[in-house]
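Have a look at the structure below, then the notes.
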Amino acid sequence: MILTFRTLAGAFGLLAAVIASAPAHAGETTVAVAANFTAAAEEIGKAFETASGHKVTYSFGSTGQLFTQIAHGAPFEVFLAADQARPEKAEADGLAVEGTRFTYATGRLVLWSADADLIDGTPDILKDPTLTHVAVANPVTAPYGAAAMEVIEALGLTDTLKPKLVEGKNIAQAYQFVATGNAPVGFVAYSQIVKDDTGSRWSIPSDLYAPIRQDAVLLKTGAENEAARAYLEFLKGDDARKIIESFGYGVDG
């Protein structure tokens with residue numbers, strides 16, 4: 001086959017168009033994510049990789065544990081916390097880039113049981129003397145655990161429930177305690193059950209605990225990484241916001 005100049009020019013033009021449409025300088029970023037946001041983050045990660053060509057790797061855990069790792073030099077580049085305090089401290093301690101912090105989601109807390117008949121839409125089960133265990137996330141390291149303790153105190157049940165509390169190291173483990181039946185009820189993130197109609201629940205009034213505003217921040221380790229900055233920008237965008245809302249979180253604006 002004889003290739004004419006016009007054919008070659010067309011072929012090079014097509015190749016140039018393909019190259020131009022591909023993301024330039026595709027890179028990678030590592031993101032530390034609060035355990036409550038696991039499912040939403042995984043979905044956002046897929047959308048981000050498709051849209052940008054960058055790759056994102058997650059590490060999930062309690063906000064307090066992740067912050068401790070960051071403070072000790074863990075190579076995370078972006079921090080998605082379950083509170084505002086740790087990202088603020090990361091800025092104050094020189095671990096994060098000032099001016100990059102923002103609230104990406106507002107969480108909700110629910111009392112949940114895998115038993116469809118156990119919770120009647122009220123907190124009455126917590127007053128039942130036959131109740132054996134109540135799962136909560138560690139209130140020191142997990143903001144959802146701290147919120148659960150606020151609710152327990154607001155209900156006047158601190159002394160009653162203290163010997164019955166079973167602490168998970170994060171909200172994901174607290175959920176597992178309930179899902180597996182090791183605890184008949186537990187305080188979990190609404191995002192963990194929003195797409196699950198099984199079990200029974202009490203939707204806790206928001207005035208019983210401080211708002212769970214979850215902040216994201218760019219860490220100093222990712223300051224020069226285009227992929228890390230692109231991830232945070234994507235998190236602010238409409239596609240990510242729709243995913244966040246689909247998991248039951250509130251979003252600002």
(message) Under 4.5 Å between side-chain heavy atoms, counting indirect links through other Ile/Leu/Val/Met/Phe/Trp/Tyr residues: same cluster for V251 and Y144 or not?
(response) yes
(message) List the residues meeting side chain to side chain contact (heavy atoms under 4.5 Å, CB included) with T132, not counting sequence neighbours, and say none if there are none.
(response) P184
(request) Among F76, Y104, F48, F79, find the one that has a ring-ring contact (aromatic ring centres under 6.0 Å, His included) with Y231. (result) F48
(request) Could you check V188 against V110 for side chain to side chain contact (heavy atoms under 4.5 Å, CB included), going step by step and ending with a plain yes or no? (result) CA-CA 6 Å; V188 304; V110 296; 3.5 Å; yes
(message) If we ignore hydrogens and angles and just use 3.5 Å, is the side chain of N138 paired with the main-chain N or O of G145 as donor and acceptor?
(response) no
(request) Find out whether V151 and L111 are in side-chain contact, i.e. whether some heavy atom of one side chain is under 4.5 Å from a heavy atom of the other. (result) no
(message) Please tell me whether L131 and L155 are part of a single hydrophobic cluster in this structure, the criterion being side-chain heavy atoms less than 4.5 Å apart.
(response) yes
(request) Supply the atom-to-atom distance T29 OG1 to K55 NZ, rounded to the nearest 0.5 angstrom. (result) 11.5 Å
(request) Considering non-hydrogen atoms only, spot the tightest contact between G186 and V134 and give its length. (result) CA-CG1, 4.4 Å
(message) If I compare all heavy atoms of F234 with all of A51, which pair ends up nearest, and what's the gap?
(response) CE1-CB, 4.0 Å
(request) Look up atom OG1 in T63 and atom CD1 in I171, then write down how far apart they are to the nearest 0.5 Å. (result) 10.5 Å
(message) I want to check something: taking the side chain as every heavy atom from C-beta on, are L165 and M149 in contact at a cut-off of under 4.5 Å?
(response) yes
(request) First locate atom OG of S52, then atom CD of E226, and finally report the distance between them rounded to the nearest 0.5 Å. (result) 9.0 Å
(message) Working note: T141 + T68, criterion side chain to side chain contact (heavy atoms under 4.5 Å, CB included); need CA distance, chi angles, decisive distance, verdict.
(response) CA-CA 10 Å; T141 60; T68 297; over 6 Å; no
(request) State plainly whether one hydrophobic cluster holds both F177 and V140, where clusters connect Ile, Leu, Val, Met, Phe, Trp and Tyr through side-chain heavy atoms under 4.5 angstrom apart. (result) no
(request) Please tell me if the side chains of V78 and V56 come closer than 4.5 Å, counting only heavy atoms from C-beta onward. (result) no
(request) Answer yes or no: are there more than 12 heavy-atom neighbours, outside K46 itself, under 6.0 Å from its atom NZ? (result) no
(request) I would like to know whether F37 and F247 meet side chain to side chain contact (heavy atoms under 4.5 Å, CB included); could you show each step before the answer? (result) CA-CA 9 Å; F37 203 65; F247 281 90; over 6 Å; no
(request) Heavy atoms only: give me the nearest V194-S246 pair and the separation to one decimal. (result) CG1-O, 4.1 Å
(request) Evaluate the side-chain proximity of Q84 to T103: yes if any heavy-atom separation is below 4.5 Å, no if none is. (result) yes
(message) Is any side-chain heavy atom of I244 closer than 4.5 Å to one of I44?
(response) yes
(request) Could you tell me the separation between the CZ atom of R86 and the CZ atom of R101, rounded to the nearest 0.5 Å? (result) 14.0 Å
(message) Please tell me whether L157 and I119 are part of a single hydrophobic cluster in this structure, the criterion being side-chain heavy atoms less than 4.5 Å apart.
(response) yes
(message) So, using side chain to side chain contact (heavy atoms under 4.5 Å, CB included) as the criterion, who are the partners of A223 when residues are at least two apart?
(response) V97
(request) To the nearest 0.5 Å, tell me how far I70 CD1 sits from K220 NZ. (result) 13.0 Å
(message) I'd like to know whether CD of E42 has more than 12 heavy-atom contacts from other residues, nucleotides or ligands below 6.0 angstrom.
(response) yes
(request) Mind listing the closest non-hydrogen atom pair of A174 and A135 along with its distance? (result) O-CB, 3.7 Å
(request) May I have all residue pairs that pass side chain to side chain donor-acceptor pair (under 3.5 Å) and include part of residues 145-171, sequence neighbours excluded? (result) none
(message) Quick check: closest heavy atoms across E77 and E28, and the distance to 0.1 Å?
(response) OE1-O, 3.8 Å
(request) Measure across A230 and H54 and return the closest heavy-atom pair with its distance rounded to 0.1 Å. (result) CB-CD2, 3.9 Å
(message) Going by side chain to side chain contact (heavy atoms under 4.5 Å, CB included), name the residues that satisfy it together with K242, two or more places apart in sequence or in a different chain.
(response) none
(message) Give me each pair satisfying side chain to side chain donor-acceptor pair (under 3.5 Å) with a member in residues 181-203, each pair once, sequence neighbours excluded.
(response) T180-N182, S191-Y249, D196-T198
(message) Can a side-chain donor-acceptor contact be found between D115 and S113 if the only test is distance below 3.5 angstrom?
(response) no
(request) Assess whether side chain to side chain contact (heavy atoms under 4.5 Å, CB included) is satisfied between N36 and I212, documenting all intermediate values. (result) CA-CA 11 Å; N36 74 90; I212 306 174; over 6 Å; no
(request) Find the distance between CD (E91) and CG (L219) and round it off to the nearest 0.5 Å. (result) 10.0 Å
(message) Under a 3.5 Å distance rule, please check whether Y209 uses its side chain to pair with a backbone N or O of L109 as donor and acceptor.
(response) yes
(request) Compare all side-chain heavy atoms of P143 with those of Q214 and state whether any distance is below 4.5 angstrom. (result) no
(message) Using side-chain heavy atoms (C-beta onward) and a distance below 4.5 Å, is I193 in contact with Y175?
(response) yes
(request) Could you tell me which residues satisfy side chain to side chain contact (heavy atoms under 4.5 Å, CB included) with K89, sequence neighbours excluded, listed by chain and number? (result) F67, D93
(request) Would you kindly confirm whether L126 and L118 end up in one hydrophobic cluster when ILVMFWY residues are joined by side chain heavy atoms under 4.5 Å apart? (result) yes
